[in-house]
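Note sheet for the following structure.
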Amino acid sequence: MTAALAATGLTVRVGGRALVDDVELTASPGEWVTVIGPNGAGKTTLVHAVAGLRSLDGGRVALSGRDLLTLSSRARASLVAFVPQTPVVPEGLSVADYVLLGRVAHRSLLRGETPRDRAVVGEVMARLDLTELALRSVHTLSGGERQRAVIARALAQEAPLLVLDEPTTGLDLRHQLDVLQVVAEERRSRRIAVLATLHDLTLAGRFADRIVLLDGGRTVATGAVRDVLTEELLCAHYGVAVTVLEHDGVPVVVPGSPSAVRVT
């Protein structure tokens, strides 16, 4: 299967220091890859580079076989949708109009929205529990509501690659699960590739097909969830003792409980 994402030798330097250092990353259609690692590991810089928001000091990012750096911003938006940790939202937009911005890459500059655009926006907003907020100004929303609107805009792009940088920031427990479940359903039904960063290792284990552990800007482990979410690896790279349990087939990472039973 041709990879939706193929990043090779990714390197980003600032002030002579490599924030991302020779990282290889792939994600196939329908695959969810989550990048984890301690603070300062380079996770956000990595996903920014993949999304075309950071220049590279080395390496290449290809989306569906096309070199990202050769694409216009409009062409890139048709291939990759990005959800940042701290989104900047334009002033004066209603929630519905903000989510509709995700459809810009699907129409010419002189053409207004189509019935298809409105239908996609309505469906996405319903799945993210935003329908009753459609006419509200985005700037009147709570942090969690705004984050759901940002994710809705990204899903409305219908891009083959969805990049999420800490998508559950500001969300309560219910909406964390709701949002990630919507993303999971989207990648299964539309066979999109998902690349995410998550601080919550239990959520990472629950939703990812594959995990990449980053530390010091380099990949120190990559593979299936159980191969990366191990007590030894997490202790070594997060600097804290953890216990990895299993609940309903999902690894649960618990800090500071060395007497508990690990995943086998």
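These values consider heavy atoms only, across backbone and side chains, with no hydrogens, waters or symmetry-generated copies. These numbers were taken from a predicted model, which means no experiment stands behind them.
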query = Passes salt bridge (Lys or Arg N to Asp or Glu O under 4.0 Å), Arg174 versus Asp129? Steps please.
reply = CA-CA 11 Å; Arg174 173 204 158 189; Asp129 198 20; 3.3 Å; yes
query = Could you walk me through whether Thr114 and Asp117 pass the side-chain contact (heavy atoms from CB on, under 4.5 Å) check?
reply = CA-CA 5 Å; Thr114 66; Asp117 294 330; 3.2 Å; yes
request  = Give the intermediate values and the outcome of salt bridge (Lys or Arg N to Asp or Glu O under 4.0 Å) for residues Glu113 and Arg118.
outcome  = CA-CA 7 Å; Glu113 65 268 15; Arg118 288 289 183 184; 2.7 Å; yes
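Leu5 has its side chain within reach of Leu63: a pair of non-hydrogen atoms, C-beta onward, lies under 4.5 Å apart. In this structure the side chain of Gln181 reaches within 4.5 angstrom of the side chain of Phe207, judged on heavy atoms. Considering only heavy atoms from C-beta on, Val252 stays 4.5 Å or farther from Val244 through its side chain. By the 4.5 Å heavy-atom criterion applied to side chains, Arg116 and His106 are not counted as neighbours. With contacts defined as side-chain heavy-atom distances shorter than 4.5 Å, the pair His139/Glu91 qualifies. You'll find the side chain of Arg218 stays beyond 4.5 Å of the side chain of Val23, heavy atoms only. Taking 4.5 Å as the limit, every side-chain heavy atom of Leu135 sits out of range of all side-chain heavy atoms of Val95. Side-chain contact between Val220 and Leu214 is absent, with no heavy atoms from C-beta onward closer than 4.5 Å.
Put simply, CZ on Arg54 and OG1 on Thr45 are 5.0 Å apart, with the number rounded to the nearest 0.5 Å. The line from CZ of Arg127 to CG of Leu155 is 6.5 Å long, rounded to the nearest 0.5 Å. Residue Leu71 holds its CG atom at 5.0 Å from CZ of Arg66, rounded to the nearest 0.5 Å. The CG atom of Leu68 sits 8.0 Å away from the CG atom of Leu79 when rounded to the nearest 0.5 Å. For the atom pair Thr34 OG1 and Asp200 CG, the distance stands at 11.0 Å (nearest 0.5 Å). Atom CG of Leu195 is separated from atom CG of Leu25 by 5.5 Å, given to the nearest 0.5 angstrom.
The main-chain N or O of Glu145 is found under 3.5 Å from a side-chain atom of Ser142 such that the two form a donor-acceptor pair. Proximity of a side-chain donor or acceptor of Ser28 to a complementary backbone N or O of Glu31 within less than 3.5 Å is not detected. The backbone N or O of His199 sits nowhere less than 3.5 Å from a side-chain atom of Lys43 that would complete a donor-acceptor pair. In this structure, Ser189 contributes its side chain and Glu185 its backbone to a donor-acceptor pair below 3.5 Å. Tyr238 contributes a side-chain N or O that, together with a main-chain N or O of Gly37, makes up a donor-acceptor pair within less than 3.5 Å. Listed for the Glu166 side chain is no donor-acceptor partner under 3.5 Å among the backbone atoms of Pro84. Panel note: side chain Asp57, backbone Arg13; a donor-acceptor pair is recorded below 3.5 Å. A distance-only check finds no donor-acceptor pair linking the side chain of Gln157 to the backbone of Gly102 [under 3.5 Å]. Side-chain N or O atoms of Arg136 include one that pairs as donor or acceptor with a backbone N or O of Thr140 at under 3.5 Å. Checked by atom type and distance alone, the side chain of Arg191 pairs as donor or acceptor with a backbone atom of Pro29 at under 3.5 Å.
Leu198 is not connected to Leu173 by any chain of hydrophobic side-chain contacts under 4.5 Å among Ile, Leu, Val, Met, Phe, Trp and Tyr, and they are in different clusters. In the hydrophobic clustering of this structure, Leu69 groups with Phe82; members are Ile, Leu, Val, Met, Phe, Trp, Tyr whose side-chain heavy atoms approach within less than 4.5 Å, directly or through other members. One hydrophobic cluster, built from ILVMFWY side chains closer than 4.5 Å, cannot hold both Leu19 and Val61; they sit in different ones.
Ion pair Arg210/Asp227 not flagged as a salt bridge, since none of the NZ, NE, NH1 or NH2 atoms sits closer than 4.0 Å to an Asp/Glu carboxylate oxygen. The pair Arg206-Asp248 does not meet the salt-bridge criterion, since no charged nitrogen lies less than 4.0 angstrom from a carboxylate oxygen. Here Glu246 pairs with Arg226 in a salt bridge; the nearest charged N to carboxylate O distance falls below 4.0 Å.
Side-chain atoms of Thr219 and Glu24 form no donor-acceptor pair, as typed in the model, at a separation below 3.5 Å. In the model, Thr197 has a side-chain atom that pairs as donor or acceptor with a side-chain atom of Asp165 under 3.5 Å. No side-chain N or O of His175 forms a donor-acceptor pair with one of Asp178 less than 3.5 Å apart.
Each of Leu233, Leu229, Val253 was compared with Ile36 under the side chain to side chain contact (heavy atoms under 4.5 Å, CB included) criterion, and only Leu229 meets it. Exactly one of Leu180, Leu162, Leu130, Val83 qualifies for a side chain to side chain contact (heavy atoms under 4.5 Å, CB included) with Ile151. That residue is Val83.
The heavy-atom pair separating Ala27 from Val33 by the smallest distance is CB-CG2, 4.0 Å.
Residue Arg60 places its CZ atom among more than 12 non-hydrogen atoms of other residues, nucleotides or ligands, all under 6.0 Å distant.
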